[in-house]
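Read through the structure below, which is laid out as C-alpha cells, and then see the notes.
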There are 2 protein chains.
Amino acid sequence: MQKIISLHHKLESMFSHSEENYLKAIYHLGITSVNGVSTNAIAKKLSTKASSVTDMIKKLAEKKVLIYKKYQGVSLTEEGKKTAALIVRKHRLWEVFLVEKLNFNWDEVHDVAEQLEHIKSSKLINEIDALLGFPKFDPHGDPIPDTNGNLHLIEKKLLSTLQINETGICIGVKDSSASFLQFLDKQQIALGQEVEVLEKEDFDDSMTIKINNKKMTVSNKIANNLYIQK
Amino acid sequence: MQKIISLHHKLESMFSHSEENYLKAIYHLGITSVNGVSTNAIAKKLSTKASSVTDMIKKLAEKKVLIYKKYQGVSLTEEGKKTAALIVRKHRLWEVFLVEKLNFNWDEVHDVAEQLEHIKSSKLINEIDALLGFPKFDPHGDPIPDTNGNLHLIEKKLLSTLQINETGICIGVKDSSASFLQFLDKQQIALGQEVEVLEKEDFDDSMTIKINNKKMTVSNKIANNLYIQK
DNA sequence: AATATTTTTTAGACAAGACTAAAAATGTTT
DNA sequence: AAACATTTTTAGTCTTGTCTAAAAAATATT
Ligand SMILES: [Mn+2]
Ligand SMILES: [Mn+2]
Ligand SMILES: [Mn+2]
Ligand SMILES: [Mn+2]
C-alpha cells in the first residue's frame with residue numbers, strides 16, 4: 001500500500017511551483033548551450049539572485065533531476081528534461097487554447113500560461129490537447145512537446161540571415177514580448193505569410209522585404225527576431 | 001505612477017493561494033451560521049490546526065477582509081465576501097468547463113477546480129463564462145456567483161424532508177464527494193430528473209421513490225444529500 | 001460557586017524560498 | 001606568475017505558512 005501511494009504521487013510530478021520554474025528555465029537555457037547552464041544565467045532568467053539559485057539547484061540535484069558540480073554549472077538529467085518538457089508542453093497548449101478558444105491575442109497569453117502550466121492533471125492537459133486537435137505549434141510558432149516530452153525541432157532560420165532574393169514562410173518569433181508582437185500586429189505581419197528579401201543595407205543591416213504582398217523596410221532588430229522556414 | 005501601479009495590483013486580487021483558501025472556507029462556513037465562524041470550524045474544513053488558523057485570521061483581519069475579535073470567531077467584511085465569492089465563481093465555472101468541454105465526469109472535477117480557482121486573470125474567467133453560455137449552476141447544482149460576486153439562491157429542500165406523494169425535480173447534491181456521485185451514477189440518478197415520494201419508512205427513515213421512471217428505495221443518508229426543487 | 005472540559009490563543013520552532021554581505025573559486029590581464 | 005575582475009558559494013537573516021506544547025479564556029458540569 002505504501003508503495004502504491006508513493007507511485008501514484010510520482011505520476012503527477014512532485015515538484016513545487018518554484019522548482020518547476022527552475023526546471024523550465026534550465027531547460028530553455030540548456031537547449032542552446034552545449035556546456036552546463038551557469039548559475040548567473042538562471043538567476044537572470046528568473047529575475048532572482050545567484051545565491052538563491054545555488055540553494056535551489058542543490059535541492060534539485062538531490063532530487064536527481066539535474067547534475068551539479070560546484071562552480072561547474074548544471075545540466076538536466078533525462079528525468080529532469082522530461083519533467084521540464086512536460087511543463088513547456090502545458091504552457092504552449094494553454095497558449096493555443098487561449099488564442100483559439102478564448103479570444104486572446106497572441107501578446108496576451110504568456111502571463112496566464114505561466115500560471116496555468118503549473119496545474120497538475122494529466123487528464124486536463126490531454127483533453128485540452130484533444131479539444132484543440134493536437135496542435136504541433138503554439139501561437140508564437142514554438143513546437144509543443146508530446147506526452148513523453150519529446151519535441152521535433154523544425155528547420156528554421158532568422159530573417160536576418162536570408163540573402164537577397166531568398167524567400168520563405170514566416171513561422172515563428174524569437175522574441176515573444178508583448179511589445180514585439182504588438183509591433184508585428186501593427187505592421188500586419190503574421191505567421192504563415194510568405195517573405196521575400198528585396199534589399200539588404202550594409203550600413204545598419206536593415207532589410208527591405210516583401211511580406212503579405214507589401215513592401216516594407218525592417219530594422220536588424222526586427223529581422224533578428226523573426227523565424228523563416230525555407 | 002506609484003498610485004496607478006498599486007491600483008492595478010488591486011484589480012487582480014492580491015491574495016496568496018493560502019489566503020484565498022481561508023477566505024473561501026470562511027465564506028462557505030459563514031453562509032449557514034448566523035454568528036461568527038469559529039477557529040475550530042475553519043481548521044477542520046482546511047485540515048489544518050487551530051493555531052495556524054489564528055495566525056492567518058489575524059493577517060486577514062489586518063487586510064480588512066474579515067472582522068476578528070479574540071475568542072469571538074470571524075465574519076467576512078463586504079470586501080471579503082466579494083473576494084471569496086469570486087473564487088467560488090471561478091471554481092464552479094471551471095467545473096462546468098471540465099464537464100461540458102473536456103469530458104470530465106462530475107465526480108472528477110473538484111480537485112482540478114481547486115487548483116484552477118487560483119488562476120489570476122479576469123479576462124480568462126469571463127471568456128470561459130462566455131464560452132459556456134453564462135451558466136447559472138455548476139455540475140453539482142450549486143449556483144455560480146456573477147462578476148460582482150452576487151449569487152441568487154434558489155428555493156430547494158432535501159429529499160428527506162418531502163412527504164409521501166410530494167414530487168419535485170432533483171436539482172443538486174449536498175455532499176459532492178466522489179463516492180456519493182459515483183453511487184448516483186450507478187443508480188442512474190442525475191440532476192434534472194423528476195422525483196416522487198411513494199413511501200417513507202419510520203423505522204430507518206428510508207424512502208421509496210420514483211425517479212427516472214424507476215421505483216427504488218433509498219436510505220436516509222442518500223435522501224439527506226439530494227436537493228429537490230418543488 | 002467551584003471544578004472540569006473544550007476552545008482559542010500564545011510562544012517557540014521549523015521548512016521553503018528568497019535576500020544581503022562576505023568568502024572562495026575561477027577567469028582574465030598584465 | 002601575480003594582480004585584478006567576475007562568478008559562484010557560504011553564512012546568516014527574513015517572510016510565509018505551518019506545527020507542537022503550554023497558557024488563557026470560554027463553556028459545561030457538578
Ligand atoms: Mn509563453
Ligand atoms: Mn509561446
Ligand atoms: Mn467543487
Ligand atoms: Mn461543485
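In what follows, every chain begins at residue 1, and chains take the letters A, B, ... in the order their sequences are listed.
Computed from coordinates, the A:Glu20 CD to C:dA16 C1' distance equals 15 Å when rounded to whole Å. Rounding to whole angstrom units, CD1 of residue A:Ile57 and C1' of D:dT10 are separated by 13 Å. Rounded to whole Å, atom P of C:dT8 lies 15 Å from atom CG of B:Asp55. Atom pair B:His17:NE2 and D:dT15:P shows a separation of 23 Å (rounding to whole Å applied). Following rounding to the nearest Å, A:Asn40 (CG) and C:dG27 (P) show an atom-to-atom distance of 13 Å. In this entry the distance linking NZ of A:Lys69 with P of C:dA24 reads 23 Å, nearest Å. Put simply, CD on A:Glu19 is 12 Å from C1' on C:dA15, counting in whole angstrom units. Nucleotide D:dT8 holds its P atom 15 Å from the NZ atom of A:Lys49, rounded to whole Å.
Taking the six-membered ring for Trp and the full ring otherwise, A:Phe137 and A:Tyr227 have centroids separated by 6.0 Å or more.
Between A:Lys81 and A:Glu78 a salt bridge is recorded (basic side-chain N to carboxylate O distance below 4.0 Å). Looking at A:Asp129 and A:Arg89, a side-chain N of the basic residue comes within less than 4.0 Å of a carboxylate O on the acidic one, giving a salt bridge.
Considering only side-chain N and O atoms, B:Tyr22 lies under 4.0 angstrom from the phosphate OP1 or OP2 of D:dT18. Remark: A:Tyr71 is not in phosphate contact with C:dG27, judged by side-chain N or O atoms under 4.0 Å from OP1 or OP2. Distances shorter than 4.0 Å separate some side-chain N or O of B:Thr48 from OP1 or OP2 on D:dC19. Contact between the side-chain N/O atoms of A:Lys70 and the OP1/OP2 oxygens of D:dT10 is found at a separation under 4.0 Å.
Distance from the side chain of A:Thr54 is smallest to D:dT8 among C:dA18, D:dT18, D:dT8.
The residue A:Ser18 sits close only to the backbone: its heavy atoms come under 4.0 Å of sugar-phosphate atoms, none of a base. Among the atoms of the strands shown, base atoms are found under 4.0 Å from some heavy atom of A:Ser52.
Between B:Ile119 and A:Ile119, the closest side-chain pair of non-hydrogen atoms falls below 4.5 Å.
In this pair, B:Phe180 and B:Phe183 present their aromatic rings parallel. The plane angle is below 30°, not in the 30 to 60° band.
A donor N or O paired with an acceptor N or O is not found under 3.5 Å between the base of C:dT7 and the side-chain atoms of B:Ser38. Between the side chain of B:Ser51 and the base of D:dT20, a donor-acceptor pair under 3.5 Å is found.
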